[in-house]
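All remarks here apply to the structure that follows.
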Amino acid sequence: MSSKKSATAKSATAKTAKKAQKAAARPDGVAAKAADAAGAAGAADAAPTGPRPARLTAAAVLAAAEGVVLLGFGVYVLIMGLTGDPESPQQAEMLGVTVLALALLPLLAARGLWLRRRWSRGPAMITQLMALPVAWTLLQNGGGLIVAGAATAVAALAVLALLINPTATEALGIGPRDA
């Protein structure tokens, strides 16, 4: 049975190679168009070349720090829901799982910013915009939460400022829109 599968795979590979050779030999430019389309698709996914600007690095590090803090808080809430004595263990566990899931967004955005991927700017900015009402709520509650709210607000505003900077947008391969 495995010899039939390998023979089928070999013949499919040989057919694909023959088709590629025929397309390359065509004088009508079909192969050139296909190569241009493949190159354009690869260029859209590829990260821009050159050194990463310090502003983009700082935005990635701050977004990653926010994700790590959320991850830690999610683990804490989940553990306290499982081992502690909360009013509603189910709600505490669900909150922990939700916070863990929400921690993935800034972590993935930070990774994308670090690797200079175009798509990462949107999730990073959305995360920061969602953090501002959280910061405001923490500031309004007083006590020790004021420090947490101020830190959240400063980090969110800093990342937003770093990401709207033209240096960062150019480093991500995002240019001005054509009119």
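Heavy-atom basis, side chains included; hydrogens, waters and symmetry copies ignored.
Ala60 and Ala110 get closest at one heavy-atom pair: O-CB, 3.3 Å.
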List the atom pairs, with distances to 0.1 Å, where a side-chain N or O of residues 71-94 and a protein N or O form a donor-acceptor pair under 3.5 Å, not counting sequence neighbours.
{"from": "Thr83", "atom 1": "OG1", "to": "Ile79", "atom 2": "O", "distance (Å)": "2.8"}
{"from": "Ser88", "atom 1": "OG", "to": "Gln91", "atom 2": "N", "distance (Å)": "3.4"}

Show every donor-acceptor pair shorter than 3.5 Å between a side-chain atom in residues 125-149 and any protein atom, with sequence neighbours excluded, or say none if there are none.
{"from": "Thr127", "atom 1": "OG1", "to": "Pro123", "atom 2": "O", "distance (Å)": "2.7"}
{"from": "Gln128", "atom 1": "NE2", "to": "Glu66", "atom 2": "OE1", "distance (Å)": "2.8"}
{"from": "Gln128", "atom 1": "NE2", "to": "Ala124", "atom 2": "O", "distance (Å)": "3.4"}
{"from": "Thr137", "atom 1": "OG1", "to": "Pro133", "atom 2": "O", "distance (Å)": "2.9"}
{"from": "Asn141", "atom 1": "ND2", "to": "Thr137", "atom 2": "O", "distance (Å)": "3.2"}

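In this structure, Arg118 contributes its side chain and Ile174 its backbone to no donor-acceptor pair below 3.5 Å. Side chain of Arg121 to backbone of Leu163: a donor-acceptor contact under 3.5 angstrom is found.
Cluster note: Leu108 groups with no other residue, as no ILVMFWY side-chain heavy atom lies under 4.5 Å from it.
Note: the hydrophobic cluster containing Leu172 also contains Val159 (ILVMFWY, side chain heavy atoms under 4.5 Å, direct or indirect links). Hydrophobic clustering places Leu115 together with Val61 (ILVMFWY residues linked when any side-chain heavy atoms are closer than 4.5 Å, directly or through intermediates).
Between the CG atom in Leu107 and the CG atom in Leu102 there is a gap of 11.0 Å [rounded to 0.5 Å].
By the side-chain contact (heavy atoms from CB on, under 4.5 Å) test, Arg55 is found to be paired with Leu162, Asn165, Thr167, residues two or more places apart in sequence or in another chain being considered.
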